[in-house]
Amino acid sequence: RRSPVGQDPHADVKLDLATQLPCKLEQAARAVMTPRLLAYVAAPLLRFIPLDPNGFPPVWVEGNFHVRLRLLGVLPFGTQAIVISFPPCAEGVAIRDAGYSALIPVWDHLITLVPVEGGVRYRDRLEVKAGLLTPFIWLFAQVFYRHRQRRWRRLAAAGFDYTRAGEPERSGLICRPAPGDVLDSR
């Protein structure tokens, strides 16, 4: 980890956080492949509203998924491309989002899941490049990814039972357009 304060505004910054999940690799791998998990771990800090009227697929596939972001679920925070790929991971499972937006040209997020004694090591690696906004985006990412990992641990401890882990009933809407959201016609 390095702090972007005082750095060249055109430089990338990195974040590398890991935690241990009390579950089996197969459980964590099944969960990480779903947009529902993204909605759960991001809530309530960030909400992803697909621009495709059909919403997200039930399981991630390689490709580009354009979303409208809502900070704290309601404040418009621009649009973002989620660019999913599955890089090889000899020890476990990996999923990558090489995302980008007008404000954040590089949001390269790699998740790895590796079996360890007593569970799974879950790791977020993020590289961000956002020009003059980079220090602020980096600070947001510090909070956001720690929050995500707390939510991951809670869900894994609940046996990936979203209801027991505190998911509100309406959270399934996060992966579909919500009433009142205007979708781009592009």
Side-chain angles (χ1 to χ4, degrees), residues 1-21 31-32 34-52 55-56 60 63-85 87 94-113 121-155 166-168 171 173-178 180-184 186:
R1 282 185 309 193
R2 52 180 204 223
S3 169
V5 177
Q7 278 192 331
D8 173 357
H10 302 290
D12 296 358
V13 294
K14 299 178 190 293
L15 175 138
D16 188 341
L17 295 173
T19 191
Q20 186 162 329
L21 303 175
V32 79
T34 66
R36 182 179 186 187
L37 178 95
L38 172 64
Y40 175 81
V41 297
L45 295 181
L46 203 54
R47 183 171 175 223
F48 298 87
I49 303 162
L51 295 180
D52 182 334
F56 290 130
W60 290 119
N64 295 359
F65 303 91
H66 296 271
V67 297
R68 188 171 315 284
L69 300 172
R70 295 279 189 258
L71 192 59
L72 302 175
V74 294
L75 301 172
F77 199 55
T79 59
Q80 173 97 5
I82 296 173
V83 183
I84 299 293
S85 65
I95 183 171
R96 178 180 181 208
D97 168 20
Y100 61 89
S101 70
L103 291 175
I104 308 169
V106 175
W107 182 275
D108 193 356
H109 177 212
L110 178 67
I111 295 172
T112 55
L113 302 166
R121 185 182 72 227
Y122 169 92
R123 188 175 204 168
D124 286 304
R125 291 184 182 143
L126 178 70
E127 186 172 330
V128 175
K129 187 172 186 176
L132 294 174
L133 294 176
T134 300
F136 305 103
I137 300 301
W138 182 82
L139 287 171
F140 171 77
Q142 290 288 327
V143 172
F144 182 59
Y145 282 97
R146 282 172 171 73
H147 168 77
R148 284 174 50 110
Q149 288 190 5
R150 273 191 306 274
R151 303 272 291 171
W152 257 101
R153 286 190 303 271
R154 179 188 302 168
L155 186 61
E167 179 185 53
S171 69
L173 297 174
I174 294 171
C175 291
R176 295 187 296 275
D181 285 325
V182 178
L183 300 179
D184 289 346
R186 294 181 264 154

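Along the sequence shown, residues carry numbers from 1. Here the structure is a predicted model, which means the values were calculated and not measured.
Atom-to-atom distance recorded for W60:CH2 and I82:CD1 is 4.5 Å, nearest 0.5 angstrom. Remark: F144 CZ to D124 CG distance equals 9.0 Å, nearest 0.5 Å. Between atom CG of residue L15 and atom CD1 of residue I137 there is a gap of 13.0 Å, rounded to the nearest 0.5 Å. For the atom pair OH of Y100 and CG of N64, the computed distance is 5.0 Å after rounding to the nearest 0.5 Å. Atom CG of L133 sits about 13.0 Å away from atom CZ of F140, to the nearest 0.5 Å. Between the CZ atom in R146 and the CZ atom in R150 there is a gap of 9.0 Å [rounded to 0.5 Å].
Contact of the R70 side chain with the P76 side chain is registered, since non-hydrogen atoms from C-beta on lie closer than 4.5 Å. For the pair R68 and L51, the minimum side-chain heavy-atom distance is below 4.5 Å. Using a 4.5 Å cut-off on side-chain heavy atoms (C-beta onward), L110 and T112 make contact. The closest side-chain heavy-atom distance from L103 to F77 is not below 4.5 Å. With contacts defined as side-chain heavy-atom distances shorter than 4.5 Å, the pair W138/V128 does not qualify. Side-chain contact between T79 and L69: absent, with no pair of heavy atoms (C-beta onward) separated by less than 4.5 Å. K129 has its side chain out of reach of P105: every pair of non-hydrogen atoms, C-beta onward, lies at least 4.5 Å apart.
For D97 (side chain) and I84 (main-chain N/O), no donor-acceptor pair under 3.5 Å exists by modelled atom type. A distance-only check finds a donor-acceptor pair linking the side chain of H147 to the backbone of A43 [under 3.5 Å]. Proximity of a side-chain donor or acceptor of R121 to a complementary backbone N or O of A18 within less than 3.5 Å is not detected.
Of the candidates L37, I111, V143, R148 forms a side-chain contact (heavy atoms from CB on, under 4.5 Å) with just one, namely I111.
The shortest non-hydrogen separation linking P87 to A94 is O-CB, 3.7 Å. A pairwise comparison of heavy atoms in L126 and A141 identifies CD2-CB, 3.6 Å as the closest pair.
Ring geometry for F65 versus F56: interplanar angle over 60°, hence perpendicular rather than tilted (30 to 60°).
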Between T19 and W152, is a side chain to side chain contact (heavy atoms under 4.5 Å, CB included) present by the stated rule, with each step listed? CA-CA 9 Å; T19 191; W152 257 101; 5.5 Å; no

